[in-house]
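For reference, the structure discussed in these notes is given below.
Only heavy atoms go into these numbers, but all of them, side chains included; no hydrogens, no water, no symmetry mates. Just so it is clear, the structure is predicted and the values come from calculations on it, not from any experiment.
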Amino acid sequence: MLEIKSLKIQIKGIVQGVGFRPFVYSLALQNDLTGWVRNSSNGVEIEINGTPPNLENFIGILRNSPPPLSRIDTLSVDETTTNEYKEFTIIESNSIEGEFLPISPDYSICDDCLRELFDPQDRRFRYPFINCTNCGPRFSIIKDIPYDRPKTTMASFEMCDQCYKEYKNPLDRRYHAQPIACTVCGPQVSLIIDNQIIANGEEAIQISRKMVREGNILAVKGLGGYHLACDATNFEAVDKLRSRKKRSDKPFALMAFSVKKISDYCLVSKSEQLQLESKERPIVLLQSKTMNDLSPLVAPSQNHLGFMLPYTPLHYLLLEPANDNPPVWVMTSGNLSDEPIAYKDQDAFSQLGKIADAFLTHNREIHMRVDDSVIRIVSGKNYLIRRSRGYAPNPVILPLNLPQILATGAELKNTFCLTRDHYAFISHHIGDMENYETLQSFEEAIAHYQKLFRINPELIASDMHPDYLSTRFAAQFAQNMNIQNIQIQHHHAHLAACLADNQYNKDEPVIGLCYDGTGYGTDGAIWGGEILVGNYVQYQRKFHLRYVPLPGGDISIRIPARMALSHLWSYQIDWDYSLPGVAALCMEDKTVLDVQLSRQINTPKTSSMGRLFDAVASLIGVRHKVSYEGQAAIEMEALVDPDETGYYPVILGNGVIDPKPLFEAIIIDLHENIPIQTLSARFHNSIVQLSMDACKLIRSENKINTVALSGGVWQNKVLLENTIKKLKNEQFDVMIHQKIPTNDGGISLGQALIASKYIKNS
């Protein structure tokens with residue numbers, strides 16, 4: 001007879017609210033083991049007795065095949081004194097003062113619940129809030145930990161007898177599923193028109209579907225906030241939505257019932273299909289097919305569309321095929337331009353009342369707003385553009401142990417970051433910190449994350465830009481808490497973010513190609529075309545784009561034609577009126593601009609790569625005014641001829657990247673009527689070539705072979721994939737972002753890492 005051994009097992013990670021204890025319970029029964037499992041304030045604890053082969057099998061399955069929504073960060077096993085347990089049980093939770101644990105994000109409906117949703121024999125048939133431990137709301141409904149129903153927005157819904165029976169059965173997949181509900185006891189949907197409830201339940205859903213088919217705009221309350229929806233094939237409806245929302249050009253997100261339907265409109269690779277169908281259900285940027293029945297106003301001047309699949313049961317009921325013809329809906333954030341997504345009912349009614357013709361709402365409160373995530377596939381791998389629903393508040397596991405730090409991020413695409421131990425909790429997408437409403441959302445979210453993860457910052461890190469609201473908040477927070485506020489250069493933070501994203505834990509410096517639109521420099525200029533050599537502790541600015549004036553400051557960001565003329569003026573190239581970028585401005589505007597540049601009136605210097613893209617986009621006739629960030633560059637990327645291999649010359653010398661010869665060559669091509677697709681391709685190839693040339697120079701001088709690519713310009717897929725390919729062909733080790741965005745949405749992580757090294761070295 002085999003000897004009986006006893007083990008103590010401690011598991012940390014996302015192991016609560018994801019069916020972990022019933023999984024352990026069932027696994028123990030299968031292996032004839034006795035003992036107990038319980039939640040604690042920092043994970044799951046197990047004490048277990050059995051024969052060595054059974055224990056080994058138990059631990060192997062536990063480690064390698066845990067529940068689908070769980071994530072094991074650490075699993076420790078220690079032998080202990082054998083106890084005479086007669087059975088295996090789930091026992092009371094163990095509360096430990098000051099301890100914390102990660103929390104699961106909101107995840108899409110699972111396959112089991114989806115089958116039940118459309119099964120007429122199931123008691124939850126067509127119930128819009130069906131969920132289990134493997135799916136449904138988490139982060140958006142949690143008020144505090146431990147993650148128990150009384151501490152969620154489901155507290156007011158008392159379980160019926162049948163739900164309670166499932167909730168208490170360890171062998172049921174709804175065991176301790178905190179949002180468990182059914183038609184009898186759970187939340188309900190209502191359709192509201194002109195402040196009156198018109199219908200409830202199934203009737204409300206069917207009337208909503210009919211209204212969208214007829215060309216109306218519907219506000220839909222989802223997991224983390226409201227969406228504005230309309231029929232994407234109805235030209236008048238999409239035009240009406242753009243007009244009412246005051247969103248002239250920025251692409252709308254789309255939702256369809258299945259990948260099969262999405263494939264009618266886009267090319268979908270296997271990797272892209274995996275992301276569309278993943279539990280995170282992000283918006284995936286896909287290459288569009290040229291012939292389709294979508295309104296061209298869905299994504300003007302784009303060759304990509306942002307599609308997502310339904311991720312809640314309500315979405316599936318709304319997008320359900322009618323007469324074998326599944327609809328495609330615009331599903332865009334329910335907000336006014338530049339404001340956060342509306343998530344409280346009264347705010348939605350007041351903010352969206354002049355946009356939506358009707359509101360499909362429900363009575364389950366959203367505690368924390370969470371926008372949709374956006375992703376694209378680059379070289380076969382995930383590349384996050386916006387990290388929010390489905391990903392946040394999943395922590396990034398760090399390669400080193402950090403103190404408790406708050407990093408407040410940048411201004412555009414803001415996220416903040418709170419660190420503790422090996423965890424970096426990067427917030428969901430907050431948005432552009434340019435108004436009071438977004439600042440309020442930012443402050444509320446920080447307080448919530450601090451409460452959830454028991455973090456009391458001993459240091460705060462922020463951007464150097466004196467006018468960012470995040471920087472001002474950091475200064476006030478530091479003063480109130482009597483802690484140090486470290487201001488960190490924007491592009492150093494980009495570099496550090498990429499290093500942390502790649503689990504880099506060496507002292508050796510790397511080459512950082514940090515290309516973006518705006519970052520406050522140590523010399524007071526606006527940086528953005530930076531090639532750095534550095535690590536978490538320090539950096540050197542090896543090369544930067546030649547400074548040009550930014551006439552009028554932010555106004556030139558909105559009018560790329562001004563940047564085209566500013567570059568020409570800086571390089572002493574005549575404003576040739578036959579050039580598209582020059583012809584785009586009227587004589588009066590050009591006269592004022594000439595005076596402004598000549599007399600240096602409100603003309604801060606910039607080395608921005610984003611502004612270089614703007615200037616070239618205008619010069620060759622792509623876009624002269626923009627209505628959203630990066631529009632000119634995005635539209636220029638869409639025009640690239642993939643077969644063109646030529647590029648324009650750029651001078652590298654004395655630490656400066658001088659594009660003057662590039663502009664001179666473009667002007668020659670324009671006079672020779674070279675197609676705009678060729679011009680766009682040659683410009684992109686030029687940035688690839690100068691990046692490689694600079695890296696080779698630095699390698700020859702400094703013996704550095706690792707290159708990190710960070711900054712918003714690297715959202716450009718053509719530029720990114722071609723640069724990676726070229727660098728790898730030259731035997732460089734290349735790091736790009738993986739778990740966090742390359743844009744300013746990832747910068748807070750870099751700030752936190754740099755600040756942690758500051759503490760260590762001070």
Side-chain angles (χ1 to χ4, degrees), residues 108-109 111 114 117-118 205-206 208-218 220 222 227-242 249-333 372-378 380 382-383 385 634-635 637-639 642 717:
S108 68
I109 181 173
D111 291 342
L114 188 58
L117 180 69
F118 291 111
I205 292 169
Q206 294 307 323
S208 296
R209 284 163 56 88
K210 184 172 182 288
M211 289 187 72
V212 171
R213 281 198 305 271
E214 292 173 349
N216 292 290
I217 296 169
L218 182 70
V220 183
H227 283 107
L228 291 165
C230 72
D231 182 351
T233 64
N234 186 317
F235 287 40
E236 290 182 3
V238 179
D239 187 37
K240 182 167 58 174
L241 178 55
R242 284 210 175 275
D249 297 305
K250 194 173 183 180
F252 285 140
L254 302 170
M255 182 179 281
F257 188 81
S258 65
V259 172
K260 183 176 182 296
K261 184 63 178 177
I262 293 173
S263 297
D264 290 343
Y265 300 97
C266 297
L267 302 174
V268 183
S269 70
K270 188 64 179 174
S271 297
E272 288 163 341
Q273 180 175 343
L274 286 172
Q275 282 310 299
L276 285 166
E277 295 177 339
S278 70
K279 63 183 183 294
E280 293 84 5
R281 284 293 204 280
I283 298 166
V284 182
L285 299 182
L286 304 166
Q287 186 175 340
S288 57
K289 294 180 178 178
T290 52
M291 299 296 291
N292 61 59
D293 60 352
L294 295 179
S295 164
L297 293 176
V298 163
S301 302
Q302 304 287 307
N303 63 357
H304 283 72
L305 295 170
F307 260 106
M308 59 181 156
L309 290 175
Y311 53 87
T312 71
L314 178 58
H315 289 137
Y316 269 104
L317 294 172
L318 289 171
L319 274 292
E320 183 182 19
N323 301 320
D324 295 324
N325 183 28
V328 176
W329 283 14
V330 166
M331 196 69 77
T332 188
S333 298
D372 294 317
S373 296
V374 182
I375 197 168
R376 76 187 316 168
I377 301 299
V378 172
N382 299 345
Y383 197 67
I385 304 298
I634 291 167
E635 292 180 4
E637 179 190 0
L639 294 168
K717 186 176 180 179

Minimum heavy-atom separation for [X] and [Y], please, with both atom names.
| X | Y | result |
| --- | --- | --- |
| Met255 | Tyr311 | CE-CE2, 4.0 Å |
| Val268 | Val259 | CG1-CG1, 4.3 Å |
| Pro310 | Ala256 | CD-O, 2.9 Å |
| Met308 | Arg281 | CB-O, 4.5 Å |
| Val220 | Ala229 | CG2-CB, 4.4 Å |
| Arg209 | Ala322 | NH2-CB, 3.6 Å |

Compare all side-chain heavy atoms of [X] with those of [Y] and state whether any distance is below 4.5 angstrom.
| X | Y | result |
| --- | --- | --- |
| Val374 | Val284 | no |
| Leu305 | Leu285 | no |
| Ser208 | Leu318 | yes |
| Glu320 | Phe118 | yes |
| Cys266 | Phe307 | yes |
| Pro327 | Asp231 | no |
| Ile262 | Val328 | no |

Check against salt bridge (charged side-chain N to carboxylate O under 4.0 Å, His left out), Lys210 and Glu214 | CA-CA 6 Å; Lys210 184 172 182 288; Glu214 292 173 349; 2.6 Å; yes
Output the distance between atom [atom1] ([X]) and atom [atom2] ([Y]), rounded to the nearest 0.5 Å.
| X | Y | atom1 | atom2 | result |
| --- | --- | --- | --- | --- |
| Leu317 | Thr312 | CG | OG1 | 8.0 Å |
| Leu228 | Thr332 | CG | OG1 | 7.0 Å |
| Leu241 | Leu218 | CG | CG | 11.0 Å |
| Leu254 | Phe252 | CG | CZ | 9.5 Å |
| Asn303 | Glu635 | CG | CD | 10.5 Å |
| Glu272 | Ser263 | CD | OG | 10.0 Å |

Restricting to pairs with a member in residues 285-296, which pass side-chain hydrogen bond (donor to acceptor under 3.5 Å, both in side chains), not counting sequence neighbours?
->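 Sorted pair list: Tyr265-Asp293.
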Check: [X] side chain, [Y] main-chain N or O, donor-acceptor pair, under 3.5 Å:
| X | Y | answer |
| --- | --- | --- |
| Arg376 | Asn382 | no |
| Gln273 | Lys270 | no |
| Arg242 | Val298 | yes |
| Lys240 | Gly215 | yes |
| Lys717 | Ile377 | yes |
| Ser108 | Lys279 | yes |

Assess whether side chain to side chain contact (heavy atoms under 4.5 Å, CB included) is satisfied between Ile205 and Leu314, documenting all intermediate values.
-> CA-CA 8 Å; Ile205 292 169; Leu314 178 58; 4.0 Å; yes
Full working for side chain to side chain contact (heavy atoms under 4.5 Å, CB included) between Leu286 and Leu276 = CA-CA 10 Å; Leu286 304 166; Leu276 285 166; 4.2 Å; yes
Steps toward side chain to side chain contact (heavy atoms under 4.5 Å, CB included) verdict (His227, His315) = CA-CA 11 Å; His227 283 107; His315 289 137; 4.2 Å; yes
Go through the steps to decide whether Leu117 and Tyr316 satisfy the test side chain to side chain contact (heavy atoms under 4.5 Å, CB included), and finish with yes or no.
-> CA-CA 9 Å; Leu117 180 69; Tyr316 269 104; 4.1 Å; yes
